[in-house]
Amino acid sequence: MWLAREQEVEIRRPPQFRPGERVRATRHVRNDGTYPGREIGENLVRKGEEGYVRDIGTFLQQFFIYAVEWIDRGTVVGMRARELVSLDKADAPCSAEENANQGAAG
């Protein structure tokens, strides 16, 4: 029998990003069926695009979801912290960058 791997409860610590913070997407994000008015599989955000955090919510009482406004696209898409990097805090990389750096160093 397959047992689900326990994941860290992200909301036990403060959010990594704040409303108004400028961010960049670290990966492509496609519609998984939760974005209304777009086809499943359609690109919502491309890696490298820049936007602004507009709001912070939670999902499953476990994860922060950052509502990011992508100015060039004119859309707001819910993103996880691992999908973003701050452009306002250049000296404080997000957890996705830290994990990538640790993997390269090890």
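The first residue of the sequence shown is numbered 1, and numbering continues consecutively from there. Owing to the predicted nature of the structure, the values given are computational and were not obtained by experimental measurement.
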### Task
Quick one: do Y66 and V23 satisfy side-chain contact (heavy atoms from CB on, under 4.5 Å)? Show the steps, please.
CA-CA 10 Å; Y66 301 90; V23 293; over 6 Å; no
#### Entry: Step-by-step side-chain contact (heavy atoms from CB on, under 4.5 Å) determination, E21 to K89
CA-CA 9 Å; E21 192 168 338; K89 296 185 274 187; 2.9 Å; yes
### Query
For Y35, does the OH atom sit with more than 12 other heavy atoms under 6.0 Å from it, leaving out its own atoms?
yes
### Summary
Value for CH2 (W70) from CE (M79), rounded to nearest 0.5 Å, stands at 4.5 Å
### Message
Which residue is it: R73, R22, R24, R27? I am looking for the one with a salt bridge (Lys or Arg N to Asp or Glu O under 4.0 Å) to E49.
### Response
R73
### Query
Hey, mind stepping through D32 and T34 against side-chain hydrogen bond (donor to acceptor under 3.5 Å, both in side chains) and telling me if it holds?
CA-CA 6 Å; D32 61 1; T34 59; 2.5 Å; yes
### Message
So for atom CD, which belongs to E42, do other residues, nucleotides or ligands contribute more than 12 heavy atoms lying within a distance under 6.0 Å?
### Response
yes
### Message
For D72, is the CG atom crowded, meaning more than 12 foreign heavy atoms sit under 6.0 Å from it?
### Response
no
#### Entry: From CZ (R38) to CZ (R30), nearest 0.5 Å
13.0 Å
### Query
How far does CD of Q61 sit from CD1 of I11, to the nearest 0.5 angstrom?
6.5 Å
### Query
Minimum heavy-atom separation for A67 to V76, with atom names?
CB-CG1, 3.9 Å
#### Entry: Full working for side-chain contact (heavy atoms from CB on, under 4.5 Å) between T58 and F64
CA-CA 4 Å; T58 61; F64 286 113; 4.2 Å; yes
## Note on the structure
In this structure, CD of E69 is separated from OG1 of T75 (nearest 0.5 Å) by 8.5 Å
### Task
Please indicate whether R46 has more than 12 foreign heavy atoms, meaning atoms of other residues, nucleotides or ligands, lying under 6.0 Å from its CZ.
no
### Message
Looking at every heavy atom in both I56 and P15, which two are closest together, and how far apart are they?
### Response
CD1-CB, 4.0 Å
### Query
Are any of the side-chain heavy atoms of Y52 and I71 separated by less than 4.5 Å?
yes
### Task
Could you grab the distance from atom CD of E10 to atom CG of L60, nearest 0.5 Å is fine?
11.5 Å
#### Entry: L84 CG to T26 OG1 distance, which is reported to the nearest 0.5 Å
6.5 Å
